[in-house]
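Each remark here refers to the structure printed beneath this line.
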Amino acid sequence: MKALRAYAPASIGNVSLGFDVLGAALAPVDGSQLGDVVDITAAESFSLTTVGTFAHKLPAGADNNIVTKCYHFFCQAMEKHGKATTPVALTLHKNLPIGSGLGSSASSIVAAFAALNGYFDCPFDEDTLLHMMGELEGQISGSIHYDNVAPCYQGGMTLMTGAQEPVTLSLPLNPTWYYAICYSGISVSTAAARDILPKQVEMSTALTFGRQLGVFVHALHAGEFDLAASVMKDVIAEPYRKSLLPGFDDARAFSEREGALAFGISGSGPTVFAVCSSEQQAQRIARYLDENYIQNEDGFSRVCQIPQAGTVVSPLNENDTAPAL
Ligand SMILES: Nc1ncnc2c1ncn2[C@@H]1O[C@H](COP(=O)(O)OP(=O)(O)OP(=O)(O)O)[C@@H](O)[C@H]1O
Ligand SMILES: N[C@@H](CCO)C(=O)O
């Protein structure tokens with residue numbers, strides 16, 4: 001059994017128009033990492049160590065960490081398949097802020113399952129792992145949704161099928177789009193942000209949701225990117241959630257004045273994103289967000305693109321030091 005390291009990128013859930021069914025991975029254009037890391041090594045008994053910028057914000061005690069729950073879930077799945085496991089030592093580098101809208105728990109969950117699957121010689125295929133990841137994400141947010149774990153694991157922009165397999169469909173990417181993202185520094189519970197949503201929507205809202213999604217998927221496949229951007233509007237969650245986000249309306253207004261192609265809430269927030277047609281435009285909007293949307297010292301902005309690559313599992317060498325945020 002070789003020591004491994006799994007890096008799982010941040011992600012944008014919903015991507016505005018696709019509540020619970022669209023998600024996209026994020027990669028800062030400066031080449032830095034933005035995501036959690038899980039290291040796995042052999043051990044006499046199971047342990048979890050947490051380090052990293054946001055480790056102090058995690059629940060106290062390893063048993064309360066979602067990574068520990070992933071380990072036990074994985075071992076139970078292995079046992080059901082008549083496969084043996086051995087104790088491991090996990091180290092979670094908690095580089096994503098909790099309750100950020102960047103798929104923080106998803107990043108921990110995906111990094112944990114990817115590390116475990118790699119360590120035990122890949123007993124589970126991609127769809128099986130995605131179902132495990134969705135299950136653990138559901139334990140945290142109150143209901144299963146794949147729009148963070150799927151792009152985090154697979155990379156790119158993914159559409160959830162609702163089928164047992166394939167769990168997702170990968171959508172074409174536009175290499176000319178840049179995403180200015182900004183985490184404001186406050187924490188918004190995904191479960192709470194889901195609880196404030198209505199349990200039913202008007203027929204007109206349902207028709208708009210479906211129309212936009214259909215047009216978006218067609219436009220990406222046809223390379224009609226202005227058409228794709230024109231339907232990136234959140235008619236399901238934003239009307240209810242933006243009240244949780246101080247400065248949201250001003251941030252949207254500035255981004256639109258700057259010519260952003262679209263603007264919305266990343267996942268359940270408070271992170272916001274602006275879709276930009278150039279890196280320079282994204283940098284200008286990121287600077288505004290730094291100065292006006294960030295609420296405290298935990299906040300940060302980045303200019304990102306959507307990477308083709310998702311989670312990366314690589315050999316862990318003794319002198320490796322995980323990149324902090
Ligand atoms: N490794 C972990 N990473 C993140 N949250 C964790 C982890 N382990 C346990 N938790 C708990 O799970 C809950 C996660 O909250 P929530 O789903 O609202 O946000 P998130 O997943 O951290 O961020 P995001 O809004 O980016 O999805 C928090 O109560 C947190 O304390
Ligand atoms: N689709 C989820 C994403 C959470 O990151 C929600 O909006 O609640």
Side-chain angles (χ1 to χ4, degrees), residues 6 8-26 34-38 48-73 90-113 115 133-134 136-152 158-160 181-198 209 234-242 244-245 264-273 298 300:
S11 58
I12 295 177
N14 305 332
V15 195
S16 286
L17 76 149
F19 180 78
D20 274 8
V21 300
L22 269 185
L26 288 172
L34 182 61
D36 290 352
V37 170
V38 168
L48 171 66
T49 303
T50 57
V51 296
T53 309
F54 295 99
H56 66 290
K57 301 265 191 175
L58 288 168
D63 288 347
N64 295 316
N65 196 298
I66 198 65
V67 167
T68 300
K69 298 177 194 293
C70 290
Y71 171 71
H72 293 307
F73 195 93
L90 298 178
T91 301
L92 168 64
H93 301 262
K94 193 60 198 171
N95 297 326
L96 287 183
I98 289 154
S100 60
L102 285 169
S104 171
S105 56
S107 182
S108 285
I109 289 166
V110 171
F113 276 117
M133 294 165 180
L136 272 289
E137 181 79 320
Q139 287 184 17
I140 263 190
S141 58
S143 47
I144 292 178
H145 57 91
Y146 294 93
D147 54 321
N148 286 114
V149 293
C152 174
T158 55
L159 173 65
M160 309 314 132
I181 64 114
C182 184
Y183 167 56
S184 66
I186 65 173
S187 181
V188 173
S189 154
T190 301
R194 292 175 78 83
D195 284 347
I196 64 171
L197 300 181
F209 180 82
D234 180 348
V235 295
I236 299 291
E238 183 184 307
Y240 303 92
R241 287 177 170 173
K242 67 179 210 177
L244 305 173
L245 311 180
I265 303 172
S266 175
S268 55
T271 295
V272 293
F273 70 94
D298 285 340
F300 58 81

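Note that ligands are numbered from 1 as they come in the structure, with each ligand's atoms numbered from 1 the same way. Computed from heavy atoms alone, side chains included, the values below leave out hydrogens, waters and symmetry copies. The shown structure was predicted, so the numbers you read here are calculated from the model rather than taken from an experiment.
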Practice task
Could you check T190, V21, N14 and say which one makes a side-chain contact (heavy atoms from CB on, under 4.5 Å) with H145?
Solution key: T190

Handout entry: Salt bridge flag under 4.0 Å for residues K57 and D298
Key = yes

Exercise for the section: Spell out, as yes or no, whether a donor-acceptor pair under 3.5 Å connects the side chain of D36 to the backbone of N95. Expected result: yes

Problem - Any residue meeting salt bridge (charged side-chain N to carboxylate O under 4.0 Å, His left out) with D20, in chain and number order, not counting sequence neighbours - result: R194

Fill in the blank from the handout: Minimal heavy-atom distance between E137 and S105, with the atoms involved, is OE1-OG, 2.9 Å

Completion exercise
Protein neighbours of ligand 1 with a heavy atom under 4.0 Å, given by chain and number, are L58, P59, N64, N65, I66, L92, K94, I98, G99, S100, G101, L102, G103, S104, S105, S108, I140, V188, S189, T190, S268

Exercise answer, ligand 2 polar atom pairs (N/O) under 3.5 angstrom:
unit_1   : atom_1 : unit_2 : atom_2 : d
ligand 2 : 1 (N)  : N14    : OD1    : 2.6
ligand 2 : 1 (N)  : D20    : OD1    : 2.5
ligand 2 : 1 (N)  : D147   : OD1    : 3.3
ligand 2 : 1 (N)  : D147   : OD2    : 2.7
ligand 2 : 5 (O)  : N148   : OD1    : 2.6
ligand 2 : 7 (O)  : N14    : ND2    : 2.8
ligand 2 : 7 (O)  : R241   : NH1    : 2.7
ligand 2 : 7 (O)  : R241   : NH2    : 3.4
ligand 2 : 8 (O)  : R194   : NH1    : 2.7
ligand 2 : 8 (O)  : R241   : NH2    : 2.9

Practice task
List the atom of A111, the atom of V38, and the distance in Å for their closest heavy-atom pair.
Solution key: CB-CG2, 3.6 Å

Handout entry: S266-T271 side chain donor-acceptor pair, cut-off 3.5 Å
Key = no

Handout entry: Closest approach of R241 to S268 (non-hydrogen atoms, all atoms of both residues)
Key = NH1-CA, 3.4 Å

Handout entry: Set of ring pair (Phe, Tyr, Trp, His ring centres under 6.0 Å) partners for Y183, sequence neighbours left out
Key = F300

